[in-house]
Number of protein chains: 2
Amino acid sequence: MEKQTITIYDVAREANVSMATVSRVVNGNPNVKPATRKKVLEVIDKLDYRPNAVARGLASKKTTTVGVIIPDVTNMFFSSLARGIDDVATMYKYNIILANSDENSQKEVQVLNTLLAKQVDGLIYMGNDISDNIRQEFSRSKTPIVLAGSVDPDEQVGSVNIDYVAAVEAATTQLIKSGSTQVALVTGSLAQPINGQYRLQGYKQALAKAGLAYDESLVFESEYSYHAGLALFPQLQKSGATAAIVGDDELAVGLLDAALDAGVKVPEEFEIITSNNTKLTEMARPQLTSIDQPLYDIGAVAMRLLTKMMNKEDIDAKTIRLGFDITTRQSTK
Amino acid sequence: MEKQTITIYDVAREANVSMATVSRVVNGNPNVKPATRKKVLEVIDKLDYRPNAVARGLASKKTTTVGVIIPDVTNMFFSSLARGIDDVATMYKYNIILANSDENSQKEVQVLNTLLAKQVDGLIYMGNDISDNIRQEFSRSKTPIVLAGSVDPDEQVGSVNIDYVAAVEAATTQLIKSGSTQVALVTGSLAQPINGQYRLQGYKQALAKAGLAYDESLVFESEYSYHAGLALFPQLQKSGATAAIVGDDELAVGLLDAALDAGVKVPEEFEIITSNNTKLTEMARPQLTSIDQPLYDIGAVAMRLLTKMMNKEDIDAKTIRLGFDITTRQSTK
DNA sequence: CTTTTGCTTAAAAACGGTTGCGTTCATTTC
DNA sequence: GAAATGAACGCAACCGTTTTTAAGCAAAAG
């Protein structure tokens, strides 16, 4: 005795109209006489009818669902973006399918394909690295895609980010001005464009403008995690650095804690500027000075851009660069 | 010149078989002659055919998608659960639609309905409070539901959690044993069952067993946020408490930082045990002792339970209680 | 050699909607 | 009063699968 699901047909019969008419009132189509609309609405209410979104999706070729590929929800940086994405998605009546990729190119391709199979209307991709595999899939697919908090060197798809070069340059300059001549750059894999290309460039520019020589031994590649920071600090010390630009907040907190645990005073003996301004920066003691990327906004704007693309509206620019700031706290003098 | 999407029909024609046969090979149905299977597979590959999951969903009444209602992805507690959920979902070929609810009962009902309209095969609900509204929707719907990290007083739906009473009792006892007679309980709204019923009960039991009187002025209701912790600490001090059980890690870090900022030594003058053992507990200095809920596992097990329910397998018990521990760090003596 | 049996496969009916097109009918217009 | 207009609405094709039913056919059985 299954609870028979009731369909648009049942409503039509009960209201003495055709399915088409019911469909119209459900979709707010104006071509329905008010009296008819009222009657249909009553029946819908009485029967407790809920349109089947899957059938709708098949017929209309729209699912009002977007796929979101995220490296790890557990990472504050990405979850902040995700929150921005979901909020404006909801605002525009979309839902998001969230899929963790662990920045693993295979998983990414895999997940991208199932997302496309599910006929998502659009896609948002987060991740530091855009592998060739995934890039290939991107250009093959005709569903709109936008990158959030990531850059696409060859602007195939939409993207929302900040000016990483300028941000790191500003941060580095600040550290130099406060007296450090040995500023370390601690970041993710240099093979990834954001790190290897942009951050490194900003770093070098700041050095150049300050008349300092670029010293490769002050550049550190590291995983983005608390423990990696803890483990890395001794090497930083050995390098003679007295300050560091760090690419990730968890990593920065690790460095900070390691410094503290080693009796190194922050910021007196060692200064730190981190990159994401997540809640973590406030929770640390001393609080961390950070490049202030508007994470939530990046997500929100990315989703907004995506809605425009899905509506086939005209886009002024496929890539949007949001402003950034440097929020000074206690890890810098 | 739209890139014509190719359908199962195209494959059938090209391979000189019927759609049914193509469907069979796609779904791994054994009733296909190897030679035929091979031919179909070749055509699929050649045409780059991808089954349309929406059509599939309509025909089979299964979407291989589950809805996940989460208060806020940005909160480590919930995102850890979410990660566990997604991982086993992926393992079982499901995708998750993630929807933030902000613990707002209206949004929850709203989102629940759109999730059901989208024909999700199952639902996972996270949230401290189960409002009457949402409970009503739960019992009305016949799609499987399980709660993750939350309790359902009247066991309507599945649920995975730990024994909150025992956990808080153990933590409180530990604090008492180390010398505190004035242990504060800092938690979320007492109107929510987990806090008002379970945590409070565990707290009282520990006091009783230690022969201490229950003092209402040592119980604090607070929002779960870092800033709330910062603001609350002075009141804690005023109450004369020398230790606290805290219901949330961010909140606990707030309390800790406020104590440190006020020159109160932790753990010498004030001890703290927090509840979720998220990464935050390690990042704080001193590191926070915490009840160790297996967050990831709770999510994972919840999803596993859900898969069983979706398969209509027999379930031994609708509610699963996972074990907990107390991980001792530096915020206790 | 005819009848069963069992494996493959084809045909076609769902699944629950959307939507273009055509029809109906009450109003206007001439 | 007949013709034209336009608003409401019904018809039916279609969306891309799954799944049931039955047919075809070769091998086994009698």
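Since this is a predicted model, take the numbers as computed values, not measurements. What you see below is based on every heavy atom in this structure, not just the backbone, and it leaves out hydrogens, waters and symmetry mates.
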Q. How far apart are the C-alpha atoms of A:Leu81 and A:Tyr296, what are their side-chain angles, what is the distance that settles it, and do they pass the side chain to side chain contact (heavy atoms under 4.5 Å, CB included) test?
A. CA-CA 5 Å; A:Leu81 294 178; A:Tyr296 180 92; over 6 Å; no
Q. Reading DNA chain D 5' to 3', which nucleotide is the first, and which the last, to come under 4.0 Å of any heavy atom in chain A?
A. D:dA8 to D:dG16
Q) Do you know which two heavy atoms are closest between A:Val43 and A:Ala15, and how far apart they sit? A) CG2-CB, 3.7 Å
Q: Kindly indicate, with the supporting measurements, whether the criterion side chain to side chain contact (heavy atoms under 4.5 Å, CB included) is fulfilled by A:Tyr224 and A:Phe77.
A: CA-CA 11 Å; A:Tyr224 283 169; A:Phe77 177 79; over 6 Å; no
Q. Are the side chain of A:Thr307 and the backbone of A:Arg304 linked by a donor-acceptor contact shorter than 3.5 Å?
A. yes
Q) Which pair of non-hydrogen atoms, one from A:Asp121 and one from A:Thr143, has the smallest distance, and what is that distance? A) O-CB, 4.4 Å
Q | Student check: side-chain heavy atoms of B:Val66 and B:Met310 closer than 4.5 Å | A | yes
Q. Is there a salt bridge (Lys or Arg N to Asp or Glu O under 4.0 Å) between B:Asp152 and B:Lys318 once you walk through the steps?
A. CA-CA 11 Å; B:Asp152 175 28; B:Lys318 261 180 136 176; over 6 Å; no
Q. Which heavy-atom pair separates A:Leu306 from A:Ile145 by the least distance, and what is that distance?
A. CD1-N, 4.2 Å
Every protein N/O lying under 3.5 Å from an N/O of nucleotides 4-6 of chain C:
none

Q. Between A:Thr65 and A:Thr63, is there a donor-acceptor pair closer than 3.5 Å when you use the side chain of the first and the backbone of the second?
A. yes
Q.
Distance alone, cut at 3.5 Å: any donor-acceptor contact between the side chains of A:Asn27 and A:Arg56?
A. yes
Q.
salt bridge (Lys or Arg N to Asp or Glu O under 4.0 Å), that's the test. Do B:Asp314 and B:Lys308 meet it? Break it down for me.
A. CA-CA 7 Å; B:Asp314 284 333; B:Lys308 285 186 186 167; over 6 Å; no
Q: Determine to 10° how strongly the helix from C:dC1-D:dG30 to C:dC30-D:dG1 is bent, judged from the axes of its five-pair ends.
A: 50°
Q: Sort and list the pairs that fulfil side-chain hydrogen bond (donor to acceptor under 3.5 Å, both in side chains) and have at least one residue in residues 75-85 of chain A, not counting sequence neighbours.
A: A:Arg83-A:Asp87, A:Arg83-B:Asp72, A:Arg83-B:Asp102
Q. Pick from A:Gln110, A:Met126, A:Glu108, A:Gln106: which one makes a side-chain contact (heavy atoms from CB on, under 4.5 Å) with A:Ser101?
A. A:Glu108
Q. Got a second to check how far B:Lys118's NZ is from B:Asn113's CG, nearest 0.5 Å?
A. 13.0 Å
**Q.** Near-strand residues of residues 34-46 of chain B, defined as heavy-atom separation under 4.0 angstrom from DNA chain D
**A.** none
Q) Quick one: what's the B/S/- string for nucleotides 10-23 of chain C, heavy-atom cutoff under 4.0 Å, read 5' to 3'? A) BB---BBBBBB---
Q | A:Gln136 atom CD, over 12 foreign heavy atoms within 6.0 Å | A | no
